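For reference, the structure discussed in these notes is given below.
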Amino acid sequence: MNPLAVNHDNEFVNPQAAKNMRSACKALGVDLSVVRSKKDVATSIVRSNTKASVPLGLAEMARGFCRQCAYGYHSAVYIEAEKHGVPLILWGTSAAESTEKVRRKALQGMLKSRWNKLADVNFYKTEYFSFMQRLEFPVSGNPLFGRAEPKLKNPAIQEVSVFDYLPWERQKLKETIQRELGWEKPVGHVTTWRSDCTLHQVVNFFFVKTVGCTQDCMGYCNMINAGQMTRDEALGQEEQAILQPWQEVEKFLREQIGLSSGELERINAMQKASPLPGV
């Protein structure tokens, strides 16, 4: 077999994560294809969607940073598979890491109706840049208009989720890639998990201010229940993560996202009015 590793560069990749991918592929003798927008559409989507979320509150902020990736990483993989005639796609996600259902339930009742965004020009900018993303990375058989994740329509390509068939052993996986592939945790991160995107710590901050725990905490619960993590280890990581100061988040939102001073003042007022709940 001739494997090809594919990475969707969402324009917020942690430099250490990029280094980890390159060194891992070099050690394994595997080609790496990095797919990135030539027009920086991911950054534009994040900026406009974040600006549209600010007037709607912290819960909308908590879920407003990841829209570009939902389409981006699927489309990157499908396009590269068709381009190179790859017959089999291997996905590395696992049920133990999933936070989607719990995340939706945690924010339930706090989210504003989408109708509230219709008077905000940033809502339309988000839709425009999302359309531009689909134009730049079209997936065969999928419509250019819409909000859904792309689906694989090519019958010559099959998809398999590896950990539907092999046991997902968290500690063993981490120790193996660190030992054999030189994988390193980014500086300043509490955990190696989801440390590839610089947006993730910002998402965690707004989850803490909204529901009292990080988004990661919801995954920790899955891992504890699956016997992949101890309760003490999870609590230790969570207690460190919730200490992230507003000043760091504010700097990121200003310099990397491009929020205005007025928008930052508004967010600061909201998060001050929502003190950190006990954990």
Side-chain angles (χ1 to χ4, degrees), residues 1-36 66 69 72-81 83-100 157-201 203-204 214-238 240-241:
M1 300 181 74
N2 184 22
L4 172 67
V6 178
N7 168 245
H8 166 237
D9 184 342
N10 71 348
E11 300 159 34
F12 294 94
V13 176
N14 187 293
Q16 182 61 52
K19 182 180 178 182
N20 285 339
M21 286 186 288
R22 291 193 300 269
S23 61
C25 288
K26 183 178 180 180
L28 295 169
V30 171
D31 292 332
L32 172 64
S33 178
V34 177
V35 179
R36 188 186 193 281
C66 301
C69 283
Y73 83 87
H74 281 100
S75 63
V77 171
Y78 294 152
I79 290 170
E80 290 298 291
K83 182 194 300 184
H84 296 281
V86 174
L88 178 64
I89 295 172
L90 301 179
W91 295 105
T93 53
S94 70
E97 296 174 286
S98 176
T99 62
E100 183 177 357
I157 304 174
Q158 300 297 315
E159 296 179 273
V160 171
S161 182
V162 174
F163 295 111
D164 285 347
Y165 300 92
L166 298 176
W168 186 83
E169 301 177 54
R170 170 180 166 268
Q171 195 61 33
K172 183 178 180 181
L173 288 167
K174 185 167 69 172
E175 290 174 355
T176 300
I177 62 174
Q178 287 176 332
R179 181 181 65 252
E180 298 187 15
L181 302 179
W183 202 272
E184 296 181 18
K185 182 176 70 174
V187 175
H189 281 254
V190 175
T191 174
T192 56
W193 189 45
R194 294 185 170 178
S195 60
D196 56 329
C197 178
T198 57
L199 291 169
H200 187 66
Q201 288 178 298
V203 172
N204 273 342
T214 66
Q215 181 179 259
D216 291 345
C217 185
M218 302 169 192
Y220 294 156
C221 293
N222 290 342
M223 295 182 199
I224 293 169
N225 292 334
Q228 297 289 336
M229 192 177 203
T230 66
R231 184 174 181 273
D232 287 344
E233 183 184 6
L235 283 173
Q237 292 187 4
E238 180 68 6
Q240 290 182 61

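These values consider heavy atoms only, across backbone and side chains, with no hydrogens, waters or symmetry-generated copies. None of the values given here were measured: they were computed from a predicted structure.
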Would E80 and V86 count as a side chain to side chain contact (heavy atoms under 4.5 Å, CB included) if you check the C-alpha gap in whole Å, the side-chain angles of each, and the deciding distance to 0.1 Å?
CA-CA 8 Å; E80 290 298 291; V86 174; over 6 Å; no
Go through the steps for H84 and V6 under the test side chain to side chain contact (heavy atoms under 4.5 Å, CB included), then give the verdict.
CA-CA 11 Å; H84 296 281; V6 178; over 6 Å; no
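Note that OG of S94 is 8.0 Å distant from CD of Q228, once rounded to the nearest 0.5 Å. Rounding to the nearest 0.5 Å gives a distance of 7.5 Å between CG of N20 and OG of S195. From S23, atom OG reaches atom CG of L181 across 7.0 Å, with rounding to the nearest 0.5 Å. Here the CE-CG distance, from M21 to D9, works out to 7.5 Å after rounding to the nearest 0.5 Å. The OG1 atom of T176 lies 9.5 Å from the CD atom of Q171; values are rounded to the nearest 0.5 Å. If you take CD1 on I224 and SG on C217, they are separated by 7.5 Å, rounding to the nearest 0.5 Å.
Between Q237 and D216, the closest side-chain pair of non-hydrogen atoms is not below 4.5 Å. Two residues are said to be in side-chain contact when any heavy atoms from C-beta on lie closer than 4.5 Å; S161 and T93 meet this criterion. Between Q178 and T192, some side-chain heavy-atom pair lies under the 4.5 Å cut-off. Contact annotation: the side chain of M223 approaches that of E97 to within less than 4.5 Å [non-hydrogen atoms, C-beta and beyond]. Q16 has its side chain out of reach of V187: every pair of non-hydrogen atoms, C-beta onward, lies at least 4.5 Å apart. H189 places a side-chain heavy atom less than 4.5 Å from the side chain of N14.
Surrounding CZ of R231 are at most 12 heavy atoms belonging to other residues, nucleotides or ligands under 6.0 Å away.
Scanning all heavy atoms of the two residues, the minimum distance from C66 to V203 falls at SG-CG2, 4.3 Å. When all heavy atoms of A76 and V35 are compared, the closest pair comes out as CB-CB, 3.8 Å. Of all heavy-atom pairs between T99 and G219, the closest is CG2-N, 3.4 Å. Between S75 and G72, the shortest heavy-atom distance links the atoms OG-O, 2.9 Å.
Note: W193 and Y220 have tilted aromatic rings, judged against thresholds of 30 and 60 degrees for the angle between ring planes. Ring geometry for W91 against H74 counts as tilted: the plane angle lies between 30° and 60°, on a 0 to 90° scale.
Between the T198 side chain and the F12 main chain, a donor and an acceptor come within less than 3.5 Å of each other. Q240 places no side-chain N or O within donor-acceptor distance of the main-chain N or O of V190, the cut-off being under 3.5 Å.
Checking each of I89, L90, I157, L4 against V77 for a side chain to side chain contact (heavy atoms under 4.5 Å, CB included) leaves exactly one that passes, namely I89. Residue T214 forms a side chain to side chain contact (heavy atoms under 4.5 Å, CB included) with just one option from Q201, H200, E238, and that option is E238.
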